*Asks:* 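Below you'll find the structure I mean.
Lettering follows sequence order; numbering is per chain, from 1. Here the structure is a predicted model, which means the values were calculated and not measured.
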2 protein chains.
Amino acid sequence: MPIRPATDPQSAPAPHLSDMDLVSDAVSTRKRLKRDESLYRTGQAFNALYGVFSGFFKSCVVLEDGRDQITGFHMAGEVIGLDGISTARHAANIVALEDSEVCVIPYDHLKDPALQRQLHKVMSRALVRDQGVMLLLGSMRAEQRLAVFLLNLSQRLAARGYSANEFHLRMSRIDIGSYLGLALETVSRLFSRFDAERLIEVDQRHVRILDAAALRAVVFPPHES
Amino acid sequence: MPIRPATDPQSAPAPHLSDMDLVSDAVSTRKRLKRDESLYRTGQAFNALYGVFSGFFKSCVVLEDGRDQITGFHMAGEVIGLDGISTARHAANIVALEDSEVCVIPYDHLKDPALQRQLHKVMSRALVRDQGVMLLLGSMRAEQRLAVFLLNLSQRLAARGYSANEFHLRMSRIDIGSYLGLALETVSRLFSRFDAERLIEVDQRHVRILDAAALRAVVFPPHES
DNA sequence: CGTCACTTTGAGCAGCTTCAAACCGGGTGG
DNA sequence: CCACCCGGTTTGAAGCTGCTCAAAGTGACG
């Protein structure tokens, strides 16, 4: 994982800088996690960021009274731990959804200005992503939320060289429901309905996308006029 | 607005670093905006961050089909524009809700490593705040959302020296509804109900908090057992 | 073979949205 | 100065979406 040169934010679109550019060869400590193991918990002292090397994670925030909310899923090539920088304590729980491997990036080692700029980009991208989730949670119907979720997952997998149309869900219906602000039963019913309508094929956690265009049409209902 | 020295993230909680520490005397260009004027729009080229000096802003994201979502409100002392760093184009619209003044912080001028660290903190705090909003949108009932909104507003105003218990809402019911993922009528009804229950007093956009503890109890329903 | 966690499916209900109408306050122009 | 208008707000009534509760189905694992 070489360190790429920093690019000026004004310049033409950078040729696909990966989040993982933050990972320098020099300081690459790895850490393995088993399924259901947690990388860090709320309140834990912050001292490093983590680049996901392999595997799959969920992050969630928990309220005093037990209510919780899954705020994101993270796959290979993404950086997690950003929530800890502001207070030097982590503000979320990160749990591995399958056996995974992360690369530890001690925050102190990020002195290089170019790398810091790269970190800005990574954080900014996370902010923009969060805005998208807010839009989803704040103004979409259940079917649209699930469609967005599937399309987004498909696109991210494709970007990593996996099949865009057929994949295995690492997370439970409860997790999906929590992420999308829906009851698990609603998620299950929607999977069944999308299957019945031949938008997708579902068998438990195995999903095949049959009609991506139709899924997009669920999200952006065509004007009737 | 002096530049405060960077603090090590490991060290004891920093003595209230303000977001505005990013604003250096040397490069303080100001910009005035009238009510309803927009600071920037989606797609516009990014080249600076903005520190809010006075006034009040809303930020919102818009979908192709017109659906939109207000993703935050911003008051004096907060930094906006962070969404533009990742792609060098802004990903949201920022609109002034009253005559306002911002301080322009050209991104290029943020070379000092200490300042960059400070920027990391600001962004990280924004990420944590967003997680809170997701929790709100994903797992709270309407009354809880409004209570959180009011308590949060109260707390932020207090932190800036304004009254915590009495204030003027700068945004419309529609804006509040959009932010909280509710219809404007629901927001209005809840205001009326909170008023009837003597949690608050409302007259149009003027709000007085009568019983903050009870508002908190709305958010965290006391265990019945 | 039984258990256990997860998923599917059904039925009824509640909370919130939608539609509709009235109200309120401020600004404008006759 | 008043009438009117207009955006924003309040309130009511009806309907639908998604939740809750409940029960049965599925697959993995000991």
*Asks:* Taking atom P of D/dG18 as reference, at what distance in whole Å does atom CG of A/Leu180 sit?
*Replies:* 12 Å

*Asks:* How close do A/Ile85 and B/Ser124 get, heavy atom to heavy atom, and via which atoms?
*Replies:* N-OG, 3.4 Å

*Asks:* What ring pair (Phe, Tyr, Trp, His ring centres under 6.0 Å) pairs are there with at least one residue in residues 56-79 of chain A, not counting sequence neighbours?
*Replies:*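 For residues 56-79 of chain A, and leaving out neighbouring residues, the ring pair (Phe, Tyr, Trp, His ring centres under 6.0 Å) pairs sorted by first residue read A/Phe73-A/Tyr179.
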
*Asks:* Write out all pairs satisfying salt bridge (charged side-chain N to carboxylate O under 4.0 Å, His left out) with one or both partners inside residues 179-194 of chain A, taking only residues at least two apart or from two chains.
*Replies:* A/Glu143-A/Arg193, A/Arg193-A/Glu197

*Asks:* In chain order, what residues pass the side chain to side chain donor-acceptor pair (under 3.5 Å) check against B/Ser163, with sequence neighbours excluded?
*Replies:*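 None.
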
*Asks:* Rounded to the nearest 0.5 Å, what separation is found between the OG atom of A/Ser54 and the CZ atom of A/Arg160?
*Replies:*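 A/Ser54 atom OG to A/Arg160 atom CZ measures 12.5 Å (nearest 0.5 Å).
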
*Asks:* Between atom CD1 in B/Ile174 and atom P in D/dT10, what is the gap in whole Å?
*Replies:*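 Interatomic distance, CD1 of B/Ile174 to P of D/dT10: 12 Å.
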
*Asks:* Considering only heavy atoms, which members of residues 183-191 of chain A lie under 4.0 Å from some atom of DNA chain C?
*Replies:* A/Leu184, A/Glu185, A/Ser188, A/Arg189

*Asks:* Side chain to side chain donor-acceptor pair (under 3.5 Å) with A/Arg67: which residues, sequence neighbours excluded?
*Replies:*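 Partners of A/Arg67 by the side chain to side chain donor-acceptor pair (under 3.5 Å) criterion, ordered by chain and then number, come out as A/Asp65, B/Gln144.
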
*Asks:* Partners of A/Arg30 by side chain to side chain contact (heavy atoms under 4.5 Å, CB included), sequence neighbours excluded?
*Replies:*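 A/Phe53, A/Glu101.
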
*Asks:* Provide the start and end nucleotides, 5' to 3', of the part of DNA chain C that has atoms under 4.0 Å from heavy atoms of chain A.
*Replies:* C/dC6 to C/dA11

*Asks:* Using the test side chain to side chain contact (heavy atoms under 4.5 Å, CB included), find all partners of B/Ala164 that sit at least two apart in sequence or belong to another chain.
*Replies:*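 Applying side chain to side chain contact (heavy atoms under 4.5 Å, CB included) to B/Ala164 gives B/Ser154, B/Ala158.
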
*Asks:* With a 4.0 Å cut-off on heavy atoms, is A/Gly181 in touch with a base, just the backbone sugar-phosphate, or nothing at all?
*Replies:*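 Touches sugar-phosphate only.
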
*Asks:* In whole angstroms, how far is the P atom of D/dG7 from the CG atom of B/Asp36?
*Replies:*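 Value for this atom pair: 13 Å.
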
*Asks:* B/Asn93 and B/Ser38: side-chain donor and acceptor closer than 3.5 Å?
*Replies:*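 Their side chains do not contain a donor-acceptor pair, so the 3.5 Å distance test is not met.
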
*Asks:* Is it the case that atom CZ in B/Phe149 sees more than 12 heavy atoms from other parts of the structure closer than 6.0 Å?
*Replies:* yes

*Asks:* Test of understanding: with side chain to side chain donor-acceptor pair (under 3.5 Å), list the residues that count as partners of B/Tyr40, not counting sequence neighbours.
*Replies:*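 B/Tyr40 satisfies side chain to side chain donor-acceptor pair (under 3.5 Å) with B/Asp83 once adjacent residues are dropped.
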
*Asks:* Considering residues at least two apart in sequence or located in another chain, which fulfil the salt bridge (charged side-chain N to carboxylate O under 4.0 Å, His left out) criterion with A/Arg170?
*Replies:*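 A/Arg170 satisfies salt bridge (charged side-chain N to carboxylate O under 4.0 Å, His left out) with A/Glu98 once adjacent residues are dropped.
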
*Asks:* For nucleotides 25-30 of chain D, print each protein N/O atom paired with a nucleotide N/O atom at under 3.5 Å, atom names and distance only.
*Replies:*
none

*Asks:* Near DNA chain C, counting only heavy atoms under 4.0 Å, which residues of residues 130-144 of chain A show up?
*Replies:*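 None - not one residue of the stretch has a heavy atom sitting under 4.0 Å from the strand.
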
*Asks:* How long is the line joining CZ of B/Arg173 and P of D/dT11, in whole Å?
*Replies:* 10 Å

*Asks:* Show your reasoning for whether salt bridge (Lys or Arg N to Asp or Glu O under 4.0 Å) applies to B/Glu78 and B/Arg125.
*Replies:* CA-CA 11 Å; B/Glu78 295 176 352; B/Arg125 202 175 320 142; over 6 Å; no

